[in-house]
Amino acid sequence: MRKTLPAPFFDRPTLTVAKELLGKYLVREYQGQTAALMITEVEAYDGPKDLASHARRGITPRTTIMYGPPGYFYVYFTYGMHWMVNIVTGKKGYPAAILIRAGMTDDGALIKGPARLTKHLKITKNENGKPAVKATGLWLEDRGTDIKSYRLIKTKRIGVDYAGEIWANKLYNLSLVLKNKN
DNA sequence: AGCACGATGCTCT
DNA sequence: GAGCATCGTGCTT
């Protein structure tokens, strides 16, 4: 079972979409090669009031895509060397996106960390602003994965202490962890 | 296992 | 000009 996630999937509350993205696949087709990662960790940035979000200062050239319609990629550059990939959620005009932070390859290797993930899938500025459809070469898929053997862990978001107590402590980081571990 | 730090450049003030 | 939704290395406990 392989179903490309359609735009309406992303046109729902950001936290709902974030939760449902776990266990789905981020698929990359690049220079004739196809690679896929099962998503195991995501982070939500939700709305204009979210002080941890890039949209906290309103529309800028960089954040415009976050204000656009759902189902588009928001790719940005940070720390002088790293690309981060997000999928835009919510209606046009409402700035929200989900950062994809980790995933697992078919042979069970965990790609942990948003910069490693983009490096692995060769995602750069080229993908910024593109829709999550096959023609882009980067899209999301439901492969009917059974995630019953995992449990959902919620933690605070990484590296956003500047956002103040309220927003820095929101449990907007969601990840899958294998049961019977720890 | 837990810091501290450097790399390196875009984005916004 | 400062700060950054990070990572890897190399040090200290």
Enumerate the residues from residues 93-117 of chain A whose closest heavy atom to DNA chain C is under 4.0 Å, giving them by residue number; use none for an empty result.
Leu99(A), Arg101(A), Gly113(A), Pro114(A), Ala115(A), Arg116(A)
Would you verify whether the NZ or CZ of Arg12(A) falls within 45 degrees of the ring axis of Phe9(A) while also being under 6.0 Å from that six-membered ring's centre?
yes
Qualifying residues under salt bridge (Lys or Arg N to Asp or Glu O under 4.0 Å), relative to Asp161(A), sequence neighbours excluded
Lys156(A)
Just to be sure I follow the notation: if a pair is Watson-Crick (purine N1 to pyrimidine N3 plus N6-O4 or O6-N4) or a G-U wobble (N1-O2 and O6-N3), each under 3.5 Å, what dot-bracket string does DNA chain C give, with | for pairs to another strand?
||||.|||||||.
Could you tabulate the donor-acceptor pairs under 3.5 Å formed by side-chain atoms of residues 130-139 of chain A, not counting sequence neighbours?
from	atom 1	to	atom 2	distance (Å)
Lys130(A)	NZ	Asn126(A)	O	3.3
Thr136(A)	OG1	Pro131(A)	O	2.6
Trp139(A)	NE1	Glu141(A)	OE2	3.0

With rounding to the nearest 0.5 Å, note down the distance linking CD in Glu20(A) to CD1 in Ile147(A).
9.5 Å
Starting at the 5' end of nucleotides 1-11 of chain B, put B wherever the base has a protein heavy atom under 4.0 Å, S where only the sugar-phosphate does, and a dash everywhere else.
------BBBSS
For Phe77(A), give me all partners under ring pair (Phe, Tyr, Trp, His ring centres under 6.0 Å), at least two apart in sequence or on another chain.
Trp83(A)
Sorted by chain and residue number, the salt bridge (Lys or Arg N to Asp or Glu O under 4.0 Å) partners of Lys148(A) (sequence neighbours excluded) come out as Asp146(A)
Which pairs, with at least one residue in residues 86-100 of chain A and sequence neighbours excluded, count as a side chain to side chain donor-acceptor pair (under 3.5 Å)?
Asp11(A)-Lys91(A), Thr14(A)-Thr89(A), Asp46(A)-Tyr94(A)
Can you list the residues that meet the salt bridge (Lys or Arg N to Asp or Glu O under 4.0 Å) rule with Arg157(A), with sequence neighbours excluded?
Asp50(A)
Ring centres of Tyr76(A) and His54(A) under 6.0 Å apart?
yes
Only pairs at least two apart or in different chains count here, so list each salt bridge (Lys or Arg N to Asp or Glu O under 4.0 Å) that has a residue in residues 53-71 of chain A.
none
Would a line drawn from the ring center of Tyr74(A) to the ring center of Tyr72(A) be shorter than 6.0 Å?
no
Residue pairs passing the side chain to side chain donor-acceptor pair (under 3.5 Å) test where at least one lies in residues 104-116 of chain A, sequence neighbours excluded
Thr105(A)-Asp107(A)
Boundaries of the chain A footprint along DNA chain C (any atom under 4.0 Å from a heavy atom)
dC4(C) to dG8(C)
